[in-house]
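First the structure, in the form of structure tokens, and then the observations on it.
Each chain gets a letter, A, B and so on, in the order the sequences are listed, and its residues count up from 1.
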Amino acid sequence: MNARHPVHVLIIGSGAGGAMTAQVLASAGMEVLILEEGRRWDLSEYGNNCPEGMRKMYRKCGMTPIIGKVPIGYAEGRCYGGGTEINSGFWHRTPPEILLRWKAQYDLDAASPKDLEPHFTWLENQLNVSLYGKEWPASTRMFAKGIEAMGWSYQEVPRVVEHCESLNFCPNGCPSGAKKSMSRTLLPQAELAGARVLTNCRVKMLIKQKKRVSGVLAVLQHGDGSEELIRIDAENIFVCAGATETPALLRRSGIRFHIGDSFRIHPMLKVAARFNEEINAHKSVLPLLQVKEFWPEISLGGAFFALGHLAMLLSENWPTNWQQMDHFKHMAIYYVAVRGTGKGVIRSSLTGEDATSIKYDLSREDLWNLSKGLAHLSALLLAGGAVEVYPSVHGLNRITNEIEAIRWLDELLPKTSLNLTTIHAFSSCPMGERLDRCAANSFGKIYHYENLYINDGSMIPDSPGVNPQGTIMGFARRNALHFVEELR
Amino acid sequence: MNFKVKRTLLVILGILGSCIFLTIAILPMDWKKVVTALSSYSLYPWFCFSTISYIVGHFIRGLRTRLLISRDARISITTATNIVLVGYAVNNFLPARIGEFARAGMLRERTGISFVQSLTVVFIERIFDGFAIALLFFSAFLLLGSALPVQYTILLSSVIFGAALLFILFIAFAPHRFVSLISKAVYALSPRLHDFSIRLTTSLVNGARYISAPLNIVKIGVLSILIWLCDVGLYLFLLPAFGQPADVLHAAFIMGLTNFSIIFPFGFGYSSPGYLGPFHTQCIKSLILLNVPYTSAQSFAIVAHLAIYMTLLIWGGIVILWYGITLGLTANLTKRAKFYFYHGECLSITGDILGLKTSDIVAKPTSQFIYKLSEAAVPYDEYETPDPQEVVSYVADFIQGAIRNLSKKFKLLFAVGMFGFNAIVWLRYFRPYSALSLEIRRAIFNRWAYGRNTVQRQLFKLIRSTALLAFFEHPSVVAVMERRENRQ
């Protein structure tokens with residue numbers, strides 16, 4: 001009879017944090033097992049239309065609601081590679097002022113720009129972080145024209161892409177493999193170094209033994225739909241299941257010290273703009289620029305475009321706006337994102353079912369910033385040549401001139417009419433040395449446990465104000481290397 | 001034995017455990033006296049008011065606990081109240097205030113803070129309780145006239161609570177001094193115990209941190225007075241039922257004297273399970289001091305005790321039962337799960353010994369109602385696709401999938417909402433929605449999905465958004481749209 005053998009390192013989740021952790025630890029010669037809830041898809045199975053992509057690669061078909069005074073739609077990945085398979089691949093280093101703020105507010109050690117520099121440099125090389133490098137698509141050109149007309153500062157956001165073919169499949173898995181998602185980069189490297197991956201495996205709970213976690217209980221799903229309950233013992237466990245599932249799993253397992261109490265998001269309001277020129281946003285890469293003028297409170301940028309997405313956006317005022325669908329070749333979608341200052345909590349279901357409760361209450365400041373952001377974005381788009389702007393706000397059918405746009409500098413958008421979404425979630429288990437607000441120490445080790453770590457978006461102490469992939473990966477690499485050092 | 005049977009057995013065991021708990025709790029009661037007391041007086045509605053007042057007091061206790069731990073953890077008022085209730089319920093059937101330890105244990109389990117810290121929180125609550133009772137009792141004593149022979153009670157409680165408050169305020173306001181005192185003392189006595197005692201002391205200090213701000217002391221003080229005013233309400237509402245005037249001073253006097261007899265483990269009376277004996281003795285004594293006849297006083301004491309006892313028995317019993325089942329299920333799952341990792345190899349488990357369920361991969365047919373809603377939601381006749389029925393089916397399948405992916409709570413809310421929708425349609429047209437013509441169905445759908453009523457719009461948001469997304473992503477529709485746009 002075989003003897004039981006605890007895995008040296010068990011990693012839950014294969015997204016940006018999990019893949020990074022696996023790559024570092026497997027390369028250091030450790031025995032690594034990755035558990036991934038979703039499936040592993042081949043490149044040939046990528047690049048579907050939105051409904052198919054959502055069904056295959058998103059948690060709950062992309063329909064995860066965030067409850068609060070204003071309901072917010074939240075979408076996150078659930079497949080081999082996690083969210084990196086379905087995002088736009090935008091890359092930002094953590095801004096230095098944000099790092100300073102985290103030091104002041106969370107006493108986050110060893111996290112200065114200098115400390116993180118080698119990790120960002122390594123990652124940028126590995127993931128080929130680069131600018132588009134070709135002529136900008138029309139949706140970006142129009143946006144640039146508007147920004148220049150307004151005289152605001154902006155940047156072209158680098159992406160983790162090599163030889164982008166502008167197929168416009170970013171949120172449904174890049175079929176050309178140009179996007180350097182985790183399934184194309186760090187996960188194969190980890191597997192090559194000996195890491196094992198178990199997909200279709202949802203971890204139900206961690207098994208606690210005093211101050212240690214001895215393993216996990218997980219449900220393994222087979223191809224025929226049958227499921228089995230399995231137990232895997234491990235010496236060290238990294239929970240990298242994302243900003244909502246990591247705290248839910250920890251809380252389900254009875255680990256609750258500052259877990260899920262400080263959830264943050266970047267609430268996002270989208271608008272569609274109609275131009276006289278043909279934009280063909282459905283056949284090109286999404287707008288690549290970001291307005292930095294109002295950062296960190298407000299960011300303006302471009303969003304993914306598909307006919308289905310345009311219809312969803314227009315659906316807030318469908319009876320008056322549905323005919324705009326016919327002009328889809330002249331339209332593009334843009335967004336206002338704000339650095340969320342509201343309060344959010346993550347709770348696991350009382351019955352232990354797969355039903356994480358996500359709450360976020362939009363603050364008045366968030367609402368003001370969204371209103372001002374809508375004014376700025378609409379004015380920008382009109383200055384850039386847009387004929388009409390269609391905000392995703394019920395009752396606000398369209399904005400056709402600057403006077404209508406700047407109205408929102410002084411007025412609050414009606415809360416109950418907003419259709420908000422987000423794809424950026426974090427800070428549900430903040431790390432730092434302050435015991436009165438942090439769930440884990442500065443290197444992601446959960447307080448009061450000897451062998452339990454987090455290494456994903458949940459550990460980010462507060463809103464980074466930029467796309468969080470770079471921050472998550474930079475910190476994940478730093479933490480994983482620190483773990484290796486400590487063991488040595 | 002399959003999982004469902006095992007789970008059912010476990011639940012039955014939990015219920016049996018609860019019945020044993022009930023038996024232990026109920027047996028010591030002298031039910032003849034209870035029945036006599038209940039039948040001799042007209043208790044309705046006074047008993048209800050009395051119980052409600054007591055229950056409100058427990059919710060305020062929950063709020064106070066929540067505040068005291070707010071620097072380290074966030075829990076809902078319901079959870080906090082349940083934790084308090086568990087403590088009270090355990091005190092009901094175990095002697096010597098063991099319930100305080102149970103309460104601290106559950107607080108630790110629910111929040112992740114250390115046991116010593118939890119116990120400190122309970123200790124602080126008890127000190128404030130003592131002061132609030134003393135304040136109300138002394139006020140009543142002074143206003144009723146100082147001839148009542150309770151000076152000994154007043155003196156002793158002042159000394160005990162005064163000393164305890166001074167001690168806890170010292171910890172709260174001079175934590176460093178306290179830690180250093182302990183450090184020096186323990187190091188001199190036993191250096192080996194030093195680190196351990198510092199850890200304990202730190203937990204103690206953390207427990208008292210909330211009251212290190214004067215304003216917070218006021219908050220806790222006010223809440224404590226409110227709690228005991230609610231307990232005063234318990235006695236106040238019962239007085240008229242026994243032919244006594246509803247005098248607040250009398251009620252405060254009875255509450256004070258009765259509670260001082262049970263608040264200390266080995267105080268004025270011994271702390272028996274459920275305080276049977278000391279409670280009645282002191283309650284009767286206080287009533288006799290207020291010139292209430294002995295028989296009325298005896299019945300009053302029995303009924304007052306019943307109001308407390310039954311609340312704790314039912315509410316506390318449910319919480320303990322739920323808690324026990326959760327822990328039992330967890331332990332059962334851990335034992336039952338098959339070990340999955342031997343000698344570094346993932347095992348391929350075959351057979352269905354551990355099969356939990358068949359997943360939703362096996363497609364379930366889309367309901368007729370969803371199909372009819374989808375038909376009304378999308379403008380399929382505007383876009384002349386070769387296969388409109390197939391498009392609508394595609395849309396309906398996608399909506400059905402999205403609904404299946406909702407959590408149980410949302411599914412229930414959605415089902416309730418749709419039931420309401422169908423009921424209203426029935427009342428208006430005397431036919432189910434699915435049986436109406438497309439034109440009427442569209443009119444109804446548009447009124448609900450795009451109307452002014454926010455609740456209706458939110459209910460239909462899922463259907464409307466997913467329907468439009470799926471419709472405009474369907475290849476036939478995309479092809480038609482391309483042709484239309486080219487023609488324009």
Applying side chain to side chain contact (heavy atoms under 4.5 Å, CB included), run through A/H282 and B/V478 and close with a yes or a no. CA-CA 11 Å; A/H282 64 301; B/V478 173; over 6 Å; no
With side chain to side chain contact (heavy atoms under 4.5 Å, CB included) as the criterion, how do A/M325 and B/F472 come out once you've worked through the C-alpha distance, each side chain's angles and the decisive distance to 0.1 Å? CA-CA 9 Å; A/M325 287 302 297; B/F472 284 102; 3.5 Å; yes
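A pairwise comparison of heavy atoms in B/M481 and A/D326 identifies CE-N, 4.5 Å as the closest pair. The shortest heavy-atom contact between B/R71 and A/H258 is O-CE1, 3.5 Å. Here the closest heavy-atom approach between residue B/G451 and residue A/H394 is recorded as O-NE2, 3.4 Å. Smallest separation of non-hydrogen atoms from B/K461 and A/L418: NZ-O, 4.2 Å. Taking both residues in full, the closest heavy atoms of B/S407 and A/K60 are given as N-NZ, 4.5 Å, listed atom of the first, atom of the second, then distance.
For the atom pair CE (A/M54) and OG1 (B/T466), the distance works out to 8.5 Å, reported to the nearest 0.5 Å. Here the straight-line distance linking atom OG of B/S114 with atom CZ of A/F257 works out to 8.5 Å at 0.5 Å rounding.
In this view, B/N405 satisfies the side chain to side chain donor-acceptor pair (under 3.5 Å) rule with no residue, not counting sequence neighbours.
Residues A/W318 and B/P379 meet the side-chain proximity criterion, which asks for heavy atoms closer than 4.5 Å.
The greatest number of non-hydrogen atom pairs below 4.5 Å with chain B, out of A/I67, A/N317, A/T64, is found for A/I67. Taking B/V477, B/L406, B/L469 one by one and counting their heavy-atom pairs under 4.5 Å with chain A, the maximum is reached by B/L469.
B/F410 touches chain A through its side chain: at least one heavy atom from C-beta onward sits under 4.5 Å away, while N, CA, C and O do not. Both the backbone and the side chain of B/S465 come within less than 4.5 Å of a heavy atom of chain A.
Under the 3.5 Å distance criterion, the side-chain polar atoms of B/R457 are matched with a main-chain donor or acceptor of A/T416. Side chain of B/E473 to backbone of A/P51: no donor-acceptor contact under 3.5 angstrom is found.
Summarising the local packing, CZ of B/R108 is surrounded by 12 or fewer heavy atoms from other residues, nucleotides or ligands at distances under 6.0 Å. Atom CD of B/E384 has 12 or fewer neighbouring heavy atoms from other residues, nucleotides or ligands inside a 6.0 Å radius.
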